[in-house]
Amino acid sequence: MTYSTAIDRRHFLATTAATSLMLGAGRALAAEPIQTAGIYTVPVEQQWVSRIHQAALTAQGRGDIAYSFSENVSNTDYARVLREYAEAGNKLIIGEVFGAEQEAREVAAEYPDVAFLMGSSFKEDPALPNFAVFDNYIQDASYLSGIIAGAMTKSANIGMVGGFPIPEVNRLMHAFMAGAREMNPDIRFQVSFIGSWFDPPKAKETAFAMIENGADVLYAERFGVSDAAKEKGILAIGNVIDTQAEYPETVVASAIWHFEPTLDKAIAEVQAGSFKAADYGIYSFMNEGGTSLAPLGTFEGKVPAAAMELVAQREAEIKSGTFTVTINDEEPSSS
């Protein structure tokens, strides 16, 4: 399978595995690692899922869990795979049920002794105590990356390419737009959704159209957007993962999601026998260590000082609780 991205599958899997082993070196292994399964509807190198996968590898490297996973599971097959992992003795199952919500909750009800930690647009249900939900609430870092984008655009025209207009994407886009408007309230935004979580060619073509329409900075919520920016010699802002090394002349900044606080909380609860239905979304907030702005890399010193001063100020305020980035889950539109 060929992807039009700069991330090589073998390199990704090898480096994440190596990282988890190095992090676990020298630490005492847990006597009985929690048998844990991950179920993903896309390849594990896709941005969102890659962060869950990496956190699980890190936890396995520490000896906290014994981890196995399935990728590219269709929504129609999701419940079957969930049930198979539960039957196999897994005590913690992680994944994303955005397209199989009801079916996943029905399976969880059949296995009350298994802890389910699932990415979901819905909230926890006290009637289903073993099913906790999470989400990538990384609007804090998205807002900061927007400040940088607002300072870097010369045309005051920013293109934004997303997967689907669901709350998980919408809130990040709105936060990014709010940050950009801090630098220039008159910025124009072109917003489009490609109807897929992993279709780099379509994302790339959508981005090309935005560049033709005057965008000189792109918000790369999906793979393929940064490729378009690179080919056309304009700038991009990354999302969830840091691809600056792969696009050193293109990606200025990225809002990074750290799933480790979310997963580590769930592991601790399972170990203590106190796992329950809860909303784990808060562990993605910046003050919980769940998100950060990636290092600027080759763009260090190239972003206007006024923008970086505002980024530093807002980051400190977010962490102290004196500034709150608005969470807006409504579908954004071009403006």
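Atom set for the values below is all heavy atoms of this structure, side chains included, hydrogens, waters and symmetry mates excluded.
When all heavy atoms of Ile187 and Ala180 are compared, the closest pair comes out as CD1-O, 3.6 Å. Looking at every heavy atom in both residues, Val133 comes nearest to Arg105 through CG1-NH2, 3.8 Å. Heavy-atom minimum distance, Glu103 versus Ala79: CB-CB, 4.0 Å. The shortest non-hydrogen separation linking Val252 to Met152 is CG1-CG, 4.4 Å. Of all the heavy atoms in Arg222 and Gln46, the pair that sits closest is NH1-NE2, 2.9 Å. Taking each heavy atom of Glu330 and Asn170 in turn, the nearest pair found is O-CB, 3.3 Å.
The backbone N or O of Ser155 lies less than 3.5 Å from a partner atom in the side chain of Asp216, making a donor-acceptor pair. Judged by distance alone, with hydrogens and angles left aside, the side-chain atoms of Glu260 form no donor-acceptor pair with the main-chain N or O of Gly289 at under 3.5 Å. With hydrogens and angles ignored, the 3.5 Å screen pairs no side-chain donor or acceptor of Asp227 with any backbone N or O of Lys204. With Thr243 contributing its side chain and Glu246 its backbone, the two residues share no donor-acceptor pair below 3.5 Å. Looking at Thr250, its side chain never comes within 3.5 Å of a backbone N or O of Ala229 through a donor-acceptor pair. Looking at Gln47, its side chain never comes within 3.5 Å of a backbone N or O of Val240 through a donor-acceptor pair. At distances below 3.5 Å, at least one donor-acceptor pair connects side-chain atoms of Asp125 with backbone N or O atoms of Ala127. Proximity of a side-chain donor or acceptor of Ser196 to a complementary backbone N or O of Ile194 within less than 3.5 Å is not detected.
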*Step by step, would you call Leu263 with Leu92 a side-chain contact (heavy atoms from CB on, under 4.5 Å)?*
CA-CA 10 Å; Leu263 181 58; Leu92 173 62; 4.2 Å; yes
*Step by step, work out the side-chain contact (heavy atoms from CB on, under 4.5 Å) result for Glu71 and Glu45.*
CA-CA 10 Å; Glu71 58 185 338; Glu45 58 264 59; 4.2 Å; yes
*Would Phe131 and Val97 satisfy side-chain contact (heavy atoms from CB on, under 4.5 Å), going step by step from the backbone distance to the final call?*
CA-CA 11 Å; Phe131 193 97; Val97 296; 4.3 Å; yes
*Go through Val191 and Met173 one step at a time and tell me if the side-chain contact (heavy atoms from CB on, under 4.5 Å) criterion holds.*
CA-CA 9 Å; Val191 179; Met173 285 188 163; 4.1 Å; yes
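From Asp113, atom CG reaches atom CG of Asn130 across 8.5 Å, with rounding to the nearest 0.5 Å. Rounding to the nearest 0.5 angstrom, the gap separating the CZ atom in Phe193 from the CD atom in Glu221 is 8.0 Å.
Between Thr326 and His174, the side chains place no donor N or O within less than 3.5 Å of an acceptor N or O (distance only, hydrogens not considered). Of the N and O atoms on the side chains of Ser254 and Gln244, not one donor lies less than 3.5 Å from an acceptor on the other residue. Under 3.5 Å, the side chains of Glu269 and Ser274 contain a donor-acceptor pair of N or O atoms. Under 3.5 Å, the side chains of Arg51 and Ser284 contain no donor-acceptor pair of N or O atoms. Side chains of Glu249 and Thr298: a donor-acceptor N/O pair is absent below 3.5 angstrom, by distance only.
Taking the six-membered ring for Trp, Phe259 and Phe134 have ring centres closer than 6.0 Å.
At a threshold of 4.5 Å between non-hydrogen side-chain atoms, the residues Gln271 and Asp64 count as touching.
The hydrophobic clustering, which links ILVMFWY residues whose side-chain heavy atoms are closer than 4.5 Å, places Leu296 and Ile241 together. By the criterion of side-chain heavy atoms lying less than 4.5 angstrom apart, applied directly or through intervening Ile, Leu, Val, Met, Phe, Trp or Tyr residues, Ile65 is grouped together with Val49 in one hydrophobic cluster. Hydrophobic clustering, with ILVMFWY side chains joined whenever heavy atoms are under 4.5 angstrom apart, keeps Val114 apart from Tyr40. Both Leu293 and Val325 are part of a single hydrophobic cluster, where members link through side-chain heavy atoms under 4.5 Å apart. Two different hydrophobic clusters hold Ile234 and Val303 under the rule that ILVMFWY side chains link at heavy-atom gaps under 4.5 Å.
Within 6.0 Å of the NZ atom in Lys302, the count of heavy atoms belonging to other residues, nucleotides or ligands exceeds 12.
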Identify every side-chain donor-acceptor pair in residues 143-151 under 3.5 Å, counting partners at least two apart or on other chains, and give the distances.
{"residue": "Tyr143", "atom": "OH", "partner": "Glu182", "partner atom": "OE2", "Å": "2.3"}
{"residue": "Tyr143", "atom": "OH", "partner": "Arg314", "partner atom": "NE", "Å": "3.0"}
{"residue": "Ser145", "atom": "OG", "partner": "Ser142", "partner atom": "O", "Å": "2.8"}

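Cluster note: Ile327 groups with Tyr137, Phe285 through ILVMFWY side-chain heavy atoms spaced under 4.5 Å, whether in direct contact or through intervening members.
Between Trp197 and Phe164, the ring-plane angle classifies as perpendicular under the 30° and 60° cut-offs.
Among residues at least two apart or in separate chains, ring-ring contact (aromatic ring centres under 6.0 Å, His included) pairs with a member in residues 70-118 are Trp48-Phe98.
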